[in-house]
Protein chains: 2
Amino acid sequence: MQTVTLPALTMREHIGEVLRRIRQNQGRTLREVSAGAQVSLGYLSEIERGQKEASSELLEAICSALEVPLSQVLHEVADRLELIEAMMIPDAVPEGLLAAQLGENMTLQS
Amino acid sequence: MQTVTLPALTMREHIGEVLRRIRQNQGRTLREVSAGAQVSLGYLSEIERGQKEASSELLEAICSALEVPLSQVLHEVADRLELIEAMMIPDAVPEGLLAAQLGENMTLQS
């Protein structure tokens, strides 16, 4: 199993990962979604990589282009943060469960 | 019953309202929380009023000062957005329920 070391990601990085996963699950390109959200391809890419903080309005436009409610994205981000917060309490969450919940093979950086 | 007309608030405005409600429920002043979060009082006030977009790092610092997990704040914001999204589908949510959930007397601007 390949393991990705996961430092405590910022909210911005979680938002980016969630948006990218949704887009990729839809089989859509950065180009398609950036056109729909009226944002440049480069900027959308930076948001997905957690390098840029998206404004509320831009986040709404991206969610609209992805046809997902912003509330769903935020709940997913909150779920991910909740797992990370729980990891700060030793033994609160087994690593396997964390990986399963995040849908990726990862461990927390200790 | 006094009714506050509620246009579709942005995520930024919901975040501000949730943070302010938490602070006020704790009986704490803007001064106390701004000192704890190492942000200026004026900037925290603008965030609470939804006039400034808080970066992920600042949001984490404010939540830390308020001693609430960021995940909890985001879930609350997502819950509020979800209700507003449901209101976009006519008759999906009775106005009374919306007001009860948001904890204020308000109706959506139609």
Side-chain angles (χ1 to χ4, degrees), chain A residues 6-20 22 37 39 43 46-89 92-93 97-98 101-102 108, chain B residues 6-20 22 37 39 43 46-89 92-93 97-98 101-102 108:
Chain A
L6 174 71
L9 297 184
T10 60
M11 180 181 80
R12 173 178 60 249
E13 290 165 312
H14 284 298
I15 288 174
E17 288 194 359
V18 169
L19 291 176
R20 184 173 50 195
I22 292 171
V39 58
Y43 202 76
E46 286 188 299
I47 288 168
E48 285 193 357
R49 281 179 281 130
Q51 292 174 351
K52 279 280 188 302
E53 200 88 51
S55 70
S56 294
E57 287 80 1
L58 183 49
L59 209 46
E60 279 164 24
I62 295 169
C63 287
S64 177
L66 289 170
E67 296 180 329
V68 291
L70 174 55
S71 63
Q72 181 189 316
V73 170
L74 281 193
H75 272 308
E76 284 190 40
V77 169
D79 285 341
R80 293 166 67 112
L81 286 169
E82 203 170 345
L83 279 165
I84 305 294
E85 288 158 4
M87 288 292 290
M88 300 303 165
I89 306 163
V93 180
L97 176 61
L98 179 71
Q101 290 283 330
L102 294 180
L108 269 192
Chain B
L6 174 71
L9 297 184
T10 60
M11 180 181 80
R12 171 178 62 249
E13 290 164 312
H14 284 297
I15 288 174
E17 289 193 358
V18 170
L19 291 176
R20 183 174 50 194
I22 291 171
V39 59
Y43 202 76
E46 286 188 300
I47 288 169
E48 286 194 357
R49 282 178 282 131
Q51 292 174 350
K52 279 280 189 299
E53 200 87 49
S55 70
S56 294
E57 287 79 2
L58 182 50
L59 210 46
E60 279 164 24
I62 295 169
C63 287
S64 177
L66 289 170
E67 296 179 329
V68 291
L70 174 54
S71 63
Q72 181 189 317
V73 170
L74 281 193
H75 272 309
E76 284 191 40
V77 169
D79 284 341
R80 294 166 66 111
L81 285 169
E82 204 171 344
L83 278 165
I84 305 292
E85 288 159 2
M87 288 292 290
M88 300 303 165
I89 305 163
V93 180
L97 176 61
L98 179 72
Q101 289 285 330
L102 293 180
L108 269 192

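We name chains A, B, ... by the order of the sequence lines, and we start the count at 1 in each one.
- A:His75 pairs in a side chain to side chain contact (heavy atoms under 4.5 Å, CB included) with only one of the listed residues (B:Val77, B:Asp79, B:Leu74), which is B:Asp79.
- At a 4.5 Å heavy-atom cutoff, B:Ile15 makes no contact with chain A through either its backbone or its side chain.
- Of all heavy-atom pairs between A:Glu60 and B:Leu9, the closest is OE2-O, 4.5 Å.
- For A:Thr10 (side chain) and B:Ser56 (main-chain N/O), no donor-acceptor pair under 3.5 Å exists by modelled atom type.
- When all heavy atoms are compared, the tightest approach of B:Leu70 to A:Glu85 is N-OE2, 3.4 Å.
- Here the closest heavy-atom approach between residue A:Ser71 and residue B:Ala78 is recorded as CB-O, 3.4 Å.
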